[in-house]
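Single-structure report; data block below.
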Amino acid sequence: AQTVTQSQPEMSVQEAETVTLSCTYDTSESNYYLFWYKQPPSRQMILVIRQEAYKQQNATENRFSVNFQKAAKSFSLKISDSQLGDTAMYFCAFMNPNTGNQFYFGTGTSLTVIP
Amino acid sequence: GAVVSQHPSWVICKSGTSVKIECRSLDFQATTMFWYRQFPKQSLMLMATSNEGSKATYEQGVEKDKFLINHASLTLSTLTVTSAHPEDSSFYICSARDGLAGPGWAQYFGPGTRLLVL
């Protein structure tokens with residue numbers, strides 16, 4: 001199994017501010033995908049953003065963007081203009097398409113947006 | 001969009017009984033389904049991968065005789081927890097991949113099933 005590490009168990013941010021969640025991973029593969037998933041209290045997993053390892057350009061989805069540093073094996077998520085609905089658990093995930101497409105998740109970061 | 005359902009959403013059972021959880025892809029053919037387990041305030045841990053029509057592949061440390069997985073059709077996978085004990089109480093989540101028409105990276109998660117063993 002791949003190792004995915006999220007070093008921030010809990011974080012908080014003021015509404016409308018920006019917050020960055022960290023993620024590092026360990027792999028010897030060159031082709032893989034990285035994801036950020038959101039899990040609100042309903043516990044439904046929601047895809048926030050994905051990054052293909054072969055793409056140098058960082059992915060963006062509206063208020064969400066990533067800083068993908070392949071050599072450092074780092075994949076952080078930046079949330080801009082934080083909203084109360086962003087309060088949730090956030091999981092970083094790794095997927096290798098060449099070995100069965102399994103997802104390996106990090107330990108998660110609990111984000112609270114403070115009004 | 002692709003929808004995955006799980007049934008039941010909540011189940012309580014007595015210790016020693018078996019419980020079956022269903023995972024269905026509603027609008028696509030799921031060639032591969034994955035089962036995860038999530039303890040409170042913890043991450044999703046991959047338990048097994050099932051491909052339609054073949055035996056499931058279990059992650060290291062997961063007892064295949066305890067967690068029976070069947071993927072007999074392209075829309076249904078089942079996880080049976082046999083002889084359940086209180087330590088099996090957890091949140092079980094499935095995900096499904098459309099290996100025929102969807103992008104390779106796309107997996108769709110079910111809403112999860114909360115199991116409580118008394």
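In the text below, chain A, chain B and the rest are named by the order of the sequence lines, each starting its count at 1. Computation of the quantities below employed the complete heavy-atom set of this structure, encompassing side-chain atoms and omitting hydrogens, waters and symmetry-equivalent molecules.
Of the two parts of B:Q38, the backbone and the side chain both hold a non-hydrogen atom closer than 4.5 Å to a non-hydrogen atom of chain A. A:Q39 touches chain B through its side chain: at least one heavy atom from C-beta onward sits under 4.5 Å away, while N, CA, C and O do not. Heavy-atom distances place the side chain of B:Y36, and not its backbone, under 4.5 Å from chain A. With a threshold of 4.5 angstrom between heavy atoms, A:L47 approaches chain B through side-chain atoms but not through N, CA, C or O. When heavy atoms are compared at a cutoff of 4.5 Å, A:R50 approaches chain B solely by way of its side chain, counted from C-beta outward. Contacts between A:M95 and chain B at a heavy-atom distance below 4.5 Å involve the side chain alone, from C-beta outward. Only the side chain of B:L46 comes within contact range of chain A, with at least one heavy atom under 4.5 Å from a heavy atom of that chain.
Rounded to the nearest 0.5 angstrom, B:L116 CG and B:D88 CG are separated by 11.0 Å. Remark: A:L21 CG to A:N67 CG distance equals 12.5 Å, nearest 0.5 Å.
Under the 3.5 Å distance criterion, the side-chain polar atoms of B:T113 are matched with a main-chain donor or acceptor of B:P8. For the pair B:H7 (side chain) and B:R24 (backbone), a donor-acceptor distance under 3.5 Å is absent.
For the ring pair (Phe, Tyr, Trp, His ring centres under 6.0 Å) with A:F35, the lone residue among A:F91, A:F103, A:F64 that qualifies is A:F103.
For the set B:W105, B:F91, B:Y108, B:F109, the count of heavy-atom pairs under 4.5 angstrom toward chain A peaks at B:W105. Contact tally against chain A (heavy-atom pairs below 4.5 Å) for B:T57, B:T32, B:T49, B:L44: the top residue is B:L44. Considering only heavy-atom pairs separated by less than 4.5 Å from chain B, the leading option among A:M45, A:Q102, A:Q6, A:R43 is A:R43.
Between A:Q8 and A:Y90, the side chains place no donor N or O within less than 3.5 Å of an acceptor N or O (distance only, hydrogens not considered). Side-chain contact annotation: B:E52 with B:Q29, donor-acceptor N/O pair under 3.5 Å absent.
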